[in-house]
Peer 1: 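Provided herewith is a single structure, encoded as structure tokens, for subsequent inquiry.
Chain naming here is simple, since letters A, B, ... match the order of the sequence lines and numbering starts at 1 in each.
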Protein chains: 2
Amino acid sequence: MFLSIGDLAARTGVKVPTIRYYESRGLLAAPVRSAGNQRRYGRAELERLGFIRHARDLGFSLEAIGALIELQDHPDRACASATRIAQGQLGAVREKIRRLRALESELARIVEGCTGDGAARDCYVLASLADHDLCSRDHPADAKSSTQLS
Amino acid sequence: MFLSIGDLAARTGVKVPTIRYYESRGLLAAPVRSAGNQRRYGRAELERLGFIRHARDLGFSLEAIGALIELQDHPDRACASATRIAQGQLGAVREKIRRLRALESELARIVEGCTGDGAARDCYVLASLADHDLCSRDHPADAKSSTQLS
DNA sequence: TGTAATCTCTCTAGTCACTAGAGGTTCAAG
DNA sequence: CTTGAACCTCTAGTGACTAGAGAGATTACA
């Protein structure tokens with residue numbers, strides 16, 4: 001079981017440059033190299049990368065994943081901090097949903113108010129954005145960090 | 001009505017470096033300057049920055065905001081593209097909510113499965129992340145772009 | 001064994017929407 | 001006229017990658 005970086009990428013669904021990036025960030029240990037300096041991976045790395053990918057899919061930051069891996073490497077430590085990290089993530093997800101729902105209703109209101117067939121001067125979308133009073137009050141004012149849609 | 005950049009920041013809630021950043025991105029026109037080369041703003045800039053801020057609060061990208069401003073500057077054009085941008089944003093918000101809800105239930109399941117008082121070797125959080133089969137199948141596998149929590 | 005196609009290597013730079021800091025200049029109050 | 005706050009430009013950093021250049025390694029097949 002000697003996998004090239006491309007094999008590992010194919011098996012885990014993580015792109016090749018991303019694997020190298022994870023190594024540079026310390027989430028994956030530097031693997032053994034072939035005679036020609038190419039990375040060679042085994043089962044352990046396959047599993048760890050699967051772990052990372054699964055955690056990323058659930059939205060954990062690389063920093064949080066690093067902490068979880070640290071814990072995984074020390075099975076006799078208390079698992080409380082893993083639980084805390086996951087709870088933090090859950091809380092962040094819930095908060096984000098809450099804010100996005102407020103955005104959704106505001107945007108829906110704006111979109112529905114506009115027929116889309118007039119001139120820009122009469123556009124309800126533009127008017128709503130220009131005039132905060134047209135807005136059902138209090139949509140998140142300082143929530144940029146959680147409303148980015150990348 | 002001659003506002004310094006600090007006054008403008010105080011009135012709109014947009015930070016000073018962010019205002020300069022918007023200017024550099026072309027969202028705000030370069031304003032007149034004082035004798036000593038400091039920016040001086042008037043009512044038009046105040047309103048435009050309010051527009052930008054409102055749109056940012058609703059999650060629009062700077063690129064989308066640029067397109068909306070372009071339209072605002074040409075009131076005789078059709079408003080259809082403004083509506084399209086807003087609809088796109090609404091769709092993106094809804095999609096994001098959908099994905100976050102899937103994450104939420106998965107995370108809640110993982111967190112609830114763990115008492116948090118054992119050792120890391122028996123931690124359900126860590127086990128769930130290590131083994132995708134422990135997972136109620138199909139949570140978003142390729143949804144990173146919309147699940148980041150910044 | 002030769003060769004061609006595909007991988008892989010390192011390094012740099014770009015993405016988005018800011019934010020922080022250095023080092024220097026201008027303004028407004030007292 | 002002095003002081004201190006606000007302002008100027010410029011560079012670099014954030015997170016989590018992604019893209020590309022230019023060079024070297026590996027593999028499949030003849």
Side-chain angles (χ1 to χ4, degrees), chain A residues 2-28 30-41 45 49 52-67 69 89 92 96 142-150, chain B residues 2-28 30-41 45 49 52-67 69 89 92 96 142-150:
Chain A
F2 276 103
L3 304 172
S4 71
I5 196 169
D7 297 336
L8 189 64
R11 290 220 197 186
T12 57
V14 178
K15 288 181 193 152
V16 167
T18 305
I19 295 174
R20 287 196 278 251
Y21 173 71
Y22 288 164
E23 184 184 325
S24 80
R25 301 277 84 200
L27 291 178
L28 285 171
V32 295
R33 299 281 183 139
S34 73
N37 197 36
Q38 298 192 356
R39 291 168 179 82
R40 293 292 177 255
Y41 297 95
E45 284 100 336
L49 189 52
I52 295 171
R53 166 148 162 106
H54 194 178
R56 284 296 294 133
D57 285 347
L58 289 169
F60 287 88
S61 70
L62 295 191
E63 193 188 355
I65 294 171
I69 283 176
Q89 177 66 10
K96 201 167 188 183
D142 195 22
K144 273 162 216 143
S145 64
S146 59
T147 56
Q148 288 323 294
L149 300 167
S150 56
Chain B
F2 276 105
L3 303 172
S4 73
I5 196 169
D7 297 335
L8 189 64
R11 290 220 197 184
T12 58
V14 177
K15 288 180 191 154
V16 167
T18 305
I19 295 173
R20 286 195 278 249
Y21 174 71
Y22 287 164
E23 183 184 326
S24 81
R25 301 277 85 198
L27 290 178
L28 285 171
V32 295
R33 300 280 183 140
S34 73
N37 198 35
Q38 299 193 356
R39 290 168 179 83
R40 293 291 176 255
Y41 297 96
E45 285 100 336
L49 188 53
I52 295 172
R53 162 144 168 117
H54 194 180
R56 285 294 297 134
D57 285 347
L58 289 168
F60 288 88
S61 70
L62 295 191
E63 193 189 354
I65 294 171
I69 283 176
Q89 176 66 10
K96 200 166 191 184
D142 195 23
K144 273 163 216 143
S145 62
S146 59
T147 58
Q148 288 322 293
L149 299 167
S150 58

Peer 1: Please determine, for the side chain of A:I5, which listed nucleotide (C:dC9, C:dA17, D:dC7) has the closest atom?
Peer 2: C:dC9

Peer 1: Start with the C-alpha distance between A:I19 and A:E23, add both sets of side-chain angles, then the distance that settles side chain to side chain contact (heavy atoms under 4.5 Å, CB included), and finish with yes or no.
Peer 2: CA-CA 6 Å; A:I19 295 174; A:E23 184 184 325; 5.8 Å; no

Peer 1: Taking C-beta and beyond as the side chain, do B:R33 and B:R40 meet within less than 4.5 Å on heavy atoms?
Peer 2: no

Peer 1: Ignoring backbone atoms, establish whether A:T18 has a side-chain N or O less than 4.0 Å from OP1 or OP2 of D:dT18.
Peer 2: yes

Peer 1: Rounded off to whole Å, could you give me the CZ-to-P distance for the A:F2 and D:dT26 pair?
Peer 2: 14 Å

Peer 1: Using whole Å, report how far CG of B:L27 lies from P of C:dA17.
Peer 2: 9 Å

Peer 1: Does any part of the side chain of B:Y22, heavy atoms only, come nearer than 4.5 Å to the side chain of B:L62, both counted from C-beta?
Peer 2: yes

Peer 1: Select one nucleotide: of D:dA16, D:dT18, D:dC8, the one nearest the side-chain heavy atoms of B:R20.
Peer 2: D:dC8

Peer 1: Between protein and nucleotides 20-30 of chain C, map the contacts as a letter string: B base, S sugar-phosphate only, - none, heavy atoms under 4.0 Å, written 5' to 3'.
Peer 2: ------SS---

Peer 1: Taking only N and O in the side chain of B:R39, is any of them less than 4.0 Å away from OP1 or OP2 of D:dC8?
Peer 2: yes

Peer 1: What is the distance, to the nearest angstrom, from the CZ atom on B:R56 to the P atom on C:dC16?
Peer 2: 12 Å

Peer 1: Quick one: does A:I52's side chain get under 4.5 Å of A:L28's, heavy atoms only?
Peer 2: yes

Peer 1: Let me confirm one number: the CG-CZ distance from B:L3 to B:R11, rounded to the nearest 0.5 Å.
Peer 2: 5.0 Å

Peer 1: Minimum heavy-atom separation for A:D7 to A:F2, with atom names?
Peer 2: OD2-O, 4.4 Å

Peer 1: Using a cut-off of less than 4.0 Å, is there contact between a side-chain N or O of B:Y22 and OP1 or OP2 of C:dC18?
Peer 2: yes

Peer 1: Using atom CZ of A:F60 as one end and atom C1' of D:dG15 as the other, report the distance to the nearest whole Å.
Peer 2: 17 Å

